[in-house]
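Start at 1 with the first residue, then count along the sequence. When a ligand or atom number is given, it counts from 1 through the structure's own listing order.
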Amino acid sequence: KHIPTCNKHKLSLSNPTSLSLFSFFPLHKSETKKSESRKDITMAVDSSLSSPLGPPACEKDAKALRFIEEMTRNADTVQENLLAEILRRNAETEYLRRFNLGGATDRDTFKSKLPIITYEDLQPEIQRIADGDRSPILSAHPISEFLTSSGTSAGERKLMPTIQEELDRRQLLYSLLMPVMNLYVPGLDKGKGLYFLFVKSETKTPGGLPARPVLTSYYKSDKFRSRPYDPYNVYTSPNEAILCADSFQSMYSQMLCGLLDRLSVLRVGAVFASGLLRAIRFLQLHWSRLANDIESGSLDSEITDPSIRQCMSDILKPDQHLAEFIRQECQTENWEGIITRIWPNTKYLDVIVTGAMAQYIPTLEYYSGGLPMACTMYASSECYFGLNLNPMSKPSEVSYTIMPNMAYFEFIPLGGSKAVELVDVKIGKEYELVVTTYAGLCRYRVGDILRVTGFHNSAPQFHFVRRKNVLLSIDSDKTDESELQKAVENASKLLLKECGTRVAEYTSYADTSTIPGHYVLYWELLVRDGERQPSHDTLTRCCLEMEESLNSVYRQCRVADNSVGPLEIRVVRNGTFEELMDYAISRGASINQYKVPRCVNFTPIVELLDSRVVSAHFSPALPHWTPERRRR
Ligand code: AMP
């Protein structure tokens with residue numbers, strides 16, 4: 001696995017922080033002459049540039065594929081050099097000085113002196129940076145902004161520090177996606193992508209740094225807004241529509257553009273499956289208005305954003321025929337295959353359906369008539385990790401190849417404690433991912449559990465198994481067991497106060513049969529003889545009380561993104577949880593160790609619970625949410 005580094009590789013790998021594909025590649029001897037003036041960029045693909053991954057679609061792709069080859073062939077060297085570079089660069093930071101590395105930049109010293117940490121361990125440093133301390137606390141380079149993770153700490157989004165150049169590193173990973181996709185789906189330069197992309201609200205920390213989700217940061221950057229024209233990466237959505245902070249206006253205009261240009265659309269996507277389903281739901285609710293706009297050639301008056309109105313005035317022209325077509329397709333009850341009916345040239349869906357998003361696969365299959373679903377990359381606010389080198393594989397078989405140039409990676413074997421190197425993980429084993437980033441996270445637990453499925457050269461490929469401690473998730477919300485417990489406790493207090501009733505047992509279920517999906521809580525109540533059942537009104541307020549208790553990402557999904565529906569309590573009849581235990585024991589659970597599962601998703605169990613429901617109650621209002629963070 002430890003490939004001896006030949007001179008050629010030494011050259012390219014000596015500076016893993018270099019962020020341009022060209023500087024990563026020492027041009028091969030045969031190319032050196034002809035590419036001196038970069039003329040090669042415009043030349044036809046030279047067969048000598050062929051990549052082990054397959055024949056590239058164009059010269060630019062050839063470079064990207066070669067980059068992937070170089071990095072994965074030399075994964076260990078890249079990792080070694082990259083860590084040394086981070087440690088050299090950040091040697092004088094307050095955090096690293098604390099561990100007395102004495103100038104050492106090697107992996108053994110680093111691992112022996114620095115602890116593996118979680119967000120909570122870094123909270124004081126992060127708070128100081130957020131409050132305006134500009135001294136080099138975590139990173140020698142100034143923290144340019146905070147990326148707000150969908151992972152929470154004390155109910156609020158985690159704040160991930162980032163530095164300016166990380167944007168280039170993320171961009172570099174993006175630039176590898178289409179070259180890989182082009183190996184599998186030819187002709188993507190002959191049409192466009194209909195992608196539903198959104199910016200979310202952002203705030204400033206007390207010290208004045210922006211705090212926003214990583215994709216909002218990316219879409220608002222020049223890297224995205226002023227991206228050079230690339231025939232393989234043309235979107236139907238104008239930047240103005242993507243950058244509009246009002247989610248209704250943004251979705252409306254993106255959908256309208258997708259409809260107007262329907263025959264050009266070759267791929268349909270969103271970041272996560274839940275987002276794409278939300279777009280389909282939007283079409284179900286608003287097709288009639290959209291068709292009216294297309295018929296009249298004038299934009300709905302609810303779209304008030306001046307830059308959207310301006311750019312749509314160039315795009316929107318009256319088209320009676322298209323308006324009729326949309327009405328005809330959308331007014332039928334049967335929406336099976338609606339995606340390919342409206343966008344008949346779609347070759348695949350570009351959407352993440354791994355991890356928590358796997359629950360949406362059947363619904364997406366239904367709406368798309370079974371189109372392939374490509375999961376192209378694996379990333380987080382902390383760091384972008386890698387990409388899927390076989391993007392047309394079945395969702396259940398998706399593996400992500402971690403790119404060794406993105407950060408320094410370590411892996412804690414499940415049940416073990418000693419972290420191993422990227423190239424030393426073993427096929428079939430599960431690990432927790434730990435990263436050390438240029439922005440100053442050192443040996444930081446991301447919270448993801450991955451299983452090794454194979455290797456591409458010496459870089460391992462991982463199946464995303466799950467995120468640690470997540471019980472319920474519909475969109476970007478993640479609720480863990482203790483958060484759910486707290487929410488049930490708060491609602492129980494209300495129940496007790498109003499009618500003296502207690503919650504005897506509970507479990508939960510992420511119901512994705514509706515769009516948007518919603519949390520369902522099954523409650524068995526302890527109603528003593530002679531006591532009255534709690535009223536419907538009380539139980540609906542218990543739903544809202546629970547929503548108020550859940551973390552800010554959940555409440556944002558409910559309030560701002562409309563990506564999670566009202567929480568529901570289903571009261572089940574007495575004895576249901578005993579039946580649940582009997583069922584588990586009949587399937588081999590130990591009676592002594594049996595614990596009520598706090599979340600269920602196994603169909604027979606959900607069916608059992610549903611068959612015992614005596615009443616159902618929904619949250620009657622939106623919980624409270626504002627973009628501002630609560631201070632600790
Ligand atoms: P955030 O920090 O909010 O950007 O969320 C990042 C997390 O989303 C990761 O740590 C994963 O748990 C999850 N995630 C990102 N990409 C994928 C993927 N391709 N498949 C499954 N889960 C993913």
Indicate, with yes or no, if the rings of [X] and [Y] have centres closer together than 6.0 Å.
X	Y	value
Tyr184	Tyr348	no
Phe462	Tyr431	no
Phe248	Phe282	yes

Provide the number and element of each atom of ligand 1 under 4.0 Å from a heavy atom of [X].
X	result
Met377	19 (N)
Tyr400	18 (C), 19 (N), 20 (N)
Arg467	7 (C), 9 (C), 10 (O), 12 (O)

May I ask you to check whether [X] has an N/O atom sitting below 3.5 Å from an N/O atom of ligand 1?
X	answer
Ser149	yes
Thr148	no
Thr354	yes
Asp448	yes

Discussion item. When you compare the side chains of Tyr554 and Thr479, does any donor N or O come within less than 3.5 Å of an acceptor on the partner?
Written reply: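 The answer is no; no qualifying pair exists.
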Discussion item. Is it true that Tyr378 and Asp448 share a donor-acceptor pair across their side chains at a distance under 3.5 Å?
Written reply: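 Indeed, the side chains of Asp448 and Tyr378 share at least one donor-acceptor pair under 3.5 Å.
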Item to complete: Specify side chain, backbone, both or neither for Ala379, according to which of its non-hydrogen atoms lie closer than 4.0 Å to ligand 1.
Response: backbone
Can you tell me which residue and heavy atom of the protein come closest to [atom], and the distance to 0.1 Å?
atom	value
atom 6 (C) of ligand 1	Ser380 CB, 3.5 Å
atom 2 (O) of ligand 1	Ser381 OG, 2.8 Å
atom 3 (O) of ligand 1	Ser150 OG, 2.5 Å
atom 17 (C) of ligand 1	Tyr378 CD1, 3.7 Å

Discussion item. I'd like to know if the side chain of Thr401 reaches the main chain of Asn388, judged simply by a donor and an acceptor atom lying under 3.5 Å from each other, with no hydrogens or angles considered.
Written reply: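 Such a contact is absent between Thr401 side chain and Asn388 backbone.
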Worksheet item: Hey, does the Lys NZ or Arg CZ of Arg227 hover above the aromatic six-ring of Phe224, less than 6.0 Å from the centre and inside 45° of the axis?
Response: yes
Worksheet item: Is the cationic atom of Arg170 (NZ for Lys, CZ for Arg) positioned less than 6.0 Å from the six-membered ring centroid of Tyr218 and within 45 degrees of its normal?
Response: no
